[in-house]
Every structure is written in C-alpha cells, then in structure tokens.
Amino acid sequence: MEGDPDKEGSDGFRWDSDEEEGPRNIPALACLSPIVPVGEDGAGGGELSDGFHWDSEEEEDEKAPKLPSSSCLYSRDGVGKAVVDPGEASSSAGPSNTKMISEFVVMGFPRERVIKAIEENGESNTEAILETLLTYSALEESPPEQKHAVPNLSSSESAGDIFNEFSDVDSDLGTEENMDPLSEKENTLKLLVDMGYPIYEASIAMDRCGEDASIAEITDFICAAQMAKAADAHLAEPTYSPSSDEEERKPNGICFAPPKNNKRRFFEEEERRRRKREKRFEKKVFDEDGGVLSLPKPMIGFGIPSEPRPIIRRTLPQAAIGPPYFYYENVALAPKGVWQTISSFLYEIMPEFVDSKFFSAAARKRGYVHNLPLENRTPLLPIPPQTIHEALPLTKKFWPHWDGRTKLNCVQTCTASAKLTERIRKALEDYDDEPPLKVQKWVIDECKKWNLVWVGRHKTAPLEPDEIESLLGFPKNHTRGGGICRTERLKGLGNSFQVDTVAYHLSVLKDMFPNGINVLSLFSGIGGAEVALYRLGIPLKNVVSVEISESSRNIFRSWWESTNQKGNLIDINDVHLLDANMLEKLINSTGGFDLIIGGSPCNNISGSNRVSRDGLEGKESSLFFDYFRILNQVKFIMGKS
DNA sequence: AAAACTCGGATACGCAAG
DNA sequence: CTTGCGTATCCGAGTTTT
C-alpha cells in the first residue's frame, strides 16, 4: 500500500505552489490573505511569478493607475514586507468613494481601517484593499467591528478548532486605539511573516513546534513542510495510503484511491490513463497565472452516480472538518481568480466542479466547496430523464433531425423573446424539412443560446416554468401560484440548485442524521437545498433560511407547509441581520447547526452578465463574504459551547 | 408591476500552424 | 511547446411597452 515516497500524491490537485499563501482562521472572523499563485514546483516560476501576481494585477492594468507593488503584503520577491502600518495615521482626507467604504464596513471592517486601506492601495484595487484589511485583522487580532455584538474573542481559549491557532491571542473588541502590546507569540508570528513565510504556514508551524520553540526550529519546520509539499507535487501516482503524517499533508490534499485490480496489464493501462487525466487536471485547475481556472473534463466533480464509485479521496484541513458541515455553491465559469479566492476563504478546499447534465437533461456547470465525506453517495430516486426527448416527450415529434441536441443548456433567469421564435419560424417556413445549412446553423445557434425546444412544425419555444421545475428536480408546481408571477418563477428557478446534483452530494448525511438535521440555509432561494434533503428522506428539524426575495421566500414557505414538515422554519430576509448575536440565539435555541448550505448571488460572476460582471466584489456577489463570515461565526459559537 | 425586447463580453477550448 | 483564430457557453442588465 505504501506509495513511492517521492511520488506519493496526496495533493493531486494543488493549484498553489511552494510559496503558498493562505492563512486562515484568524480570530477576527476575518481571515487571511488569499493564496498567491505562483509558478509550479518552483520550475515554472519564471517571469510570471515575479512580484505579486494574481488577477488584481491585470485589472489594474485596465482600470486603475499603476500601483506600487508594495501595496501588496505578500509579494514574492519583496518577501512580504508588511506594508501595513498599524500606527495611527490620521486619515481625515478619506477617499471619495464612500460607497466602497460602506461596502467594506458592511463586511464588518472598522471604518477608519477601511479608509486607510483604500488610501494605501488605491480605490480601484479592491482585492488589495481587502487583503490589507484582512491582514490588519490577522496581525493585530482586532476583529472587524460588528454592527452588533460579537462573541467575545478574549475568551477564545476554549474556542473550537477554528480559532485554536490563535487561541492565546487576546482581542480587544472594537477598540483600536486601545490595542494591547503584541504577545510573544504574536511577535514571533509577525517576525516570521516579515521574514517572508506565509502567515498560515507560520502559525501552523508555531503550533506544531510548541510554545518555546526557537525561530530556527520553526523555520526548519516550515522548510520541511514545504519540501514535503514539493515532493507531493510530483505525485501523479495514484497510490496513496493514509499514513501517520497525514496531518502534515497539504490541507486540501485530494488523492486518488489506489486501484484494486491486480492484473498487471490492466493496472498499467489504468495507471497511464489515470496519470494523464490527473496531470491534466492538476496542471489546469488553477494555473500559475493568478487563477486561470480550467475545469475538469468531463466535469464530474468527485464522482457521479453512473461511475461505479468515486475515484477520489481527500484529506481536509483540520479546521475545515465539521461539525458543522458546510456546502457552498456558485457558477463554475467564473471570472479569473474567483474560485481561487472562494477556495482560499474556505480552507483552501478544492471546489467540486460538476455539470448537472450528468444528473438531468439540462447542463448546469457549478462549483461546490464543501466538507462532506465523498464516500457512499447515493443518487436521488427515481433517476430523472437524461435526455431532452425523455424529459419533454412532446417535443420529439417536431424535433428536426438536423438539430442534434440531446441535452439542454443551462437554465438561466432570462428567456427568449417571442420575436425570436417568430423569426425562426419565418426563416424555416420557406423550406420543407431541409433548410439550407446556413439557416440550420443560425436556428441551432439561437436554439442553443436561448434553450429553445421544438413544439410544432417550424415552431420553437422557450422552456415553460413547469418544465424547468422538473429539469431542476423540483416537484411540479413548486413555484406556481400563490401570487407568484411568471417572471418571478423563472427568476427563482434560474437562480436555483439542480436538486439531484446537490442531493447526491448531501446523501452522505442521511446515515449520519437519522433523527434529522438543523440547517442554516443562506441565500436559500426557492429552497433547493431543503427539497434535496427532503427528497433524500433526511428529516428537517430546524431550518433557518435567509433569502432576500419575497417571492422566493413565499415559494419556499408554501412548499414547507404543503409537505407537512414537522420541524420549524425560521426565515430571515437579509443576511446582514444574521449577526453573531442572532446566531448565538439561534444556536442556543436549536442546539446548533449541522449543515450550513448556500450559494451566494452569482450575477456579478456569471458569464451571462455583460454589464456588471465584476467578480466577487460585485454588488451582490460580494455576499459570498457573508457566507464566509457566518460560517466562521457559527463555528466559533458552536466551538465555545 | 409584469412582460417584452434589445444588447452583446469574458472565458476557455479545439485546432492548425509555427 | 507556444501562438493565433474560430467557436461555444452563460443562476443578466437596462430600457421600453403593455
């Protein structure tokens, strides 16, 4: 079972390299600087890796005046001079962009710091601003100011895993001018960071080496860990056995289970194919260019029902391990760097990218970051129709042979105009069944673009809401009636989970929670997560659901009532209401959450958006940081008790 | 307020050629 | 292995009409 030491691969999917950055779990509920991707295995470092290098830099080129590279804490060559000056620089002349300030303030950062960070980084470099703010919190242990009460971190000695790494750090809530002098540990940490070590690695190393370890011991430890990681990087061999040093592995280590077949030839064949596949995946998921994301092909995540069994195993970082379980979703084809940022905020867990075309008759490419086990998944039954013709039998009769689609494209919130289907009809009416190739091509292009189906001779149509309901795995009429107009139905559906896909991932919870679970559901929409759990037969005890759309809340609640749920549904209309205070009350009254699930708004991330595809900092999509915040707050509060 | 309509970009992939 | 070009995809936004 022992793999070749030099090939042993726990992290087939590393996307960062030997200079990973990515501290996490900082008491302030804020964490860390996102990973700085650099060259692979030290070899590809080259010119690309000089200096700070992630996507924000490219943005600067276009949108912002050039900023000095020192604006970034973790520069590669400049080796992490903390540019943050924790002193009291008076900042009366704040940036003009008050909107930006308030956005950061809403995220929980103190106003003064926001202003300072903006001054340091320039208004347009939001990534760097965020990083600076997080670094303030990391290095100064002053948690972002909460609008309401926040758990008292000074008692974090007893906190759960999430804060253990910094557990001896006192924090003085909200009083910036009243900062305690740095403790010895903090000083050491700061020193290591100044020396250029990633804060995350430094803090882990300090924990491992013990209280009174010397700097030399700690740096030795970090070097050893980095070498181990470099060795891992050579992996490409699927053989991996969990071993005693498992903890030392890259936290996001994911590996392939060893093949069981003993026949040499088959084994070798399998091996070759696997290596190839793995290499491709490894190389491409996040490349050194600052998060260019390339998705696994086929996009089957860590396994789909039609495969005999998942071929992937992974080890999660300690801090990511539940309770609670968490599950975060968003569109797979996000702009550069987005998934990398998401992942770096969520314990560097590799997103599971899945196209729901493997679960239904319609595509839906999504990434899921979660800490659920991967073994023993079971699909929702009955297996839904897998082709357009099975899903929409009435279309078969009119489907021209030259339209070769068997799967629909992604269901979106917008739908084709009647004008378009009219143009299509007219274009086809001039011919019999065999229009010229040019016309065929145009029609098919439009059909694909707008997900049209054939409902009559020469007649195409967009999907009806009830058809979308079943494609997405919802019960018929889930979104119908009760005062919900068609537009709202389509919008709610377009923004939803594909239930079968999510249920497949969540199915592992069934045996763990035979008596039901408590769910914190963020950005619930029309209740895809709950429908999935319900259809899996997992009783819902308490569901706290946050959803801003009134229509969606109504849809969800009427489903809840019509399915005679035994548990309690608490719905909240704004995620910002869910502060530490409220969470603590909810946790006390429910006994804690078993699952925190949600997909934050994608509209600033989705490829369909031509107007405001601003990435994670977009107006709506930045709510991801609330998912992150709430996850950490819940972990903290639950860890306390 | 809901429906209808117009607008049209970032990203990645496959392929051929250097 | 890299570069350039054509192609396919996409949980949308903004404005006008009903």
Side-chain angles (χ1 to χ4, degrees), chain A residues 43-44 46 48 55 58-59 62 280 283-287 289-299 328-339 353-357 362-368 404-405 407-423 441-442 444-451 462-463 465 468 471-472 474 479 483-499 501-502 523-526 528-529 547 549-552 598-615 618-621 623-624:
Chain A
L48 276 179
D55 50 329
E58 284 164 32
E59 283 167 28
E62 290 174 12
R280 184 173 191 181
K283 185 167 188 296
K284 290 194 151 188
V285 166
F286 292 119
D287 80 3
D289 198 16
V292 172
L293 164 78
S294 195
L295 302 150
K297 284 191 71 175
M299 200 187 281
Y328 174 81
E329 177 261 11
N330 215 320
V331 293
L333 285 87
K336 281 185 188 177
V338 165
W339 273 108
F353 291 110
V354 186
D355 189 341
S356 294
K357 75 178 182 186
R364 203 166 188 81
K365 299 177 184 65
R366 295 293 179 270
Y368 307 89
R405 290 177 297 159
K407 298 272 185 185
L408 291 161
N409 278 341
C410 183
V411 172
Q412 301 183 157
T413 54
C414 294
T415 181
S417 67
K419 276 270 195 296
L420 174 66
T421 55
E422 186 187 22
R423 282 201 295 272
K441 183 176 176 348
W442 176 73
I444 289 178
D445 283 350
E446 293 300 321
C447 286
K448 285 179 178 171
K449 190 193 294 179
W450 293 104
N451 241 356
L463 294 166
I468 299 176
L471 286 168
L472 293 179
F474 288 92
T479 60
I484 309 297
C485 70
R486 186 187 154 88
T487 310
E488 291 297 321
R489 286 182 82 182
L490 289 169
K491 201 169 166 194
L493 288 162
N495 283 316
S496 176
F497 288 165
Q498 206 286 330
V499 171
T501 310
V502 171
F523 319 106
S524 318
I526 59 173
E547 170 55 44
S549 155
E550 193 188 349
S551 316
S552 293
S600 58
C602 71
N603 48 350
N604 305 121
I605 294 175
S606 161
S608 298
N609 187 344
R610 273 54 174 258
V611 181
S612 52
R613 196 183 188 191
D614 304 326
K619 195 160 170 285
E620 280 85 24
S621 294
L623 291 176
F624 160 73

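Here is how names work: the chains are called A, B, and so on, in the same order as the sequence lines, proteins then strands, and each is numbered from 1.
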Candidate nucleotides [options], ranked by approach to the side chain of [X] - the nearest:
X: A:K297; options: B:dC13, B:dT11, B:dC5; answer: B:dC13
X: A:S608; options: C:dC10, C:dA13, B:dC5; answer: C:dC10
X: A:P335; options: C:dG14, C:dT9, B:dT11; answer: B:dT11
X: A:C602; options: C:dC11, B:dT11, C:dA13; answer: C:dC11
X: A:C485; options: B:dA2, B:dC5, B:dT11; answer: B:dA2
X: A:R613; options: B:dC5, C:dC11, B:dA10; answer: B:dA10
X: A:T487; options: B:dA3, B:dC5, C:dT9; answer: B:dA3
X: A:D445; options: C:dA8, C:dC11, B:dT11; answer: C:dA8

Measure the distance from [atom1] on [X] to [atom2] on [N] and round it to the nearest whole Å.
X: A:L333; N: C:dT9; atom1: CG; atom2: C1'; result: 7 Å
X: A:Q412; N: C:dA13; atom1: CD; atom2: P; result: 11 Å
X: A:I605; N: B:dA10; atom1: CD1; atom2: P; result: 16 Å
X: A:W442; N: C:dT7; atom1: CH2; atom2: P; result: 18 Å
X: A:K365; N: B:dC13; atom1: NZ; atom2: C1'; result: 12 Å
X: A:N609; N: C:dT9; atom1: CG; atom2: C1'; result: 15 Å
X: A:R405; N: C:dT9; atom1: CZ; atom2: C1'; result: 13 Å
X: A:M299; N: C:dT9; atom1: CE; atom2: C1'; result: 11 Å

Discussion item. Assuming nearest nucleotide by heavy-atom distance, tell me which of A:K441 and A:V411 is located more 5' along DNA chain C.
Written reply: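 The answer here is A:K441.
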Discussion item. If you assign A:G607 and A:N604 each to the DNA chain C nucleotide with the nearest heavy atom, which residue ends up on the more 5' nucleotide?
Written reply: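 Counting from the 5' end, the first nearest nucleotide belongs to A:G607.
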Practice prompt. Give a yes or no on whether the backbone of A:A363 and the side-chain of A:S356 come within a donor-acceptor separation of less than 3.5 Å.
Written response: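 Side chain of A:S356 to backbone of A:A363: no pair is present.
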Practice prompt. Look at the side chain of A:D355 and the backbone N and O of A:M299, then say whether any donor-acceptor pair between them is shorter than 3.5 Å.
Written response: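 No: the side chain of A:D355 does not pair with the backbone of A:M299.
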Is there side-chain contact between [X] and [Y], with heavy atoms separated by less than 4.5 Å?
X: A:F474; Y: A:T479; answer: no
X: A:P335; Y: A:I605; answer: yes
X: A:C447; Y: A:R405; answer: yes

Discussion item. Test of understanding: with salt bridge (Lys or Arg N to Asp or Glu O under 4.0 Å), list the residues that count as partners of A:K407, not counting sequence neighbours.
Written reply: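 Listed in chain order: nothing, the list is empty.
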[X] near the nucleic acid: base, sugar-phosphate alone, or nothing, with a heavy-atom cut-off under 4.0 Å?
X: A:S600; result: base
X: A:E329; result: base
X: A:C410; result: sugar-phosphate
X: A:R486; result: sugar-phosphate
X: A:N495; result: base

Worksheet item: Between OG of A:S600 and CG of A:N330, what distance do you get to the nearest 0.5 Å?
Response: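 Interatomic distance, A:S600 OG to A:N330 CG, rounded to 0.5 Å: 5.0 Å.
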Worksheet entry | Watson-Crick or G-U pairs under 3.5 Å in DNA chain B, rendered as dot-bracket with [ ] for crossing pairs and | for another strand | |||||||.||||||||||
Please determine whether a side-chain nitrogen or oxygen atom of [X] lies at a distance below 4.0 Å from atom OP1 or OP2 of [N].
X: A:N409; N: C:dC10; answer: yes
X: A:N603; N: C:dA13; answer: yes
X: A:S606; N: C:dC10; answer: no

Discussion item. Distance check, P atoms only: B:dC7 and C:dC10, in whole angstrom units.
Written reply: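 About 23 Å, rounded to a whole number of Å.
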Worksheet item: For A:G483 and A:K449, take the nucleotide of DNA chain B holding the closest heavy atom to each; which residue's nucleotide lies nearer the 5' end?
Response: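 Looking at the nearest nucleotide for each, A:G483 comes out on the 5' side.
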Discussion item. I'd like to know if A:K491 pairs up with A:E488 as an ion pair, taking the criterion as any Lys NZ or Arg NE/NH1/NH2 lying under 4.0 Å from an Asp or Glu carboxylate oxygen.
Written reply: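 Salt bridge absent between A:K491 and A:E488.
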Fill in: A:K449/A:D445 ion pair, N-O < 4.0 Å
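Salt bridge flag = no for A:D445 with A:K449.
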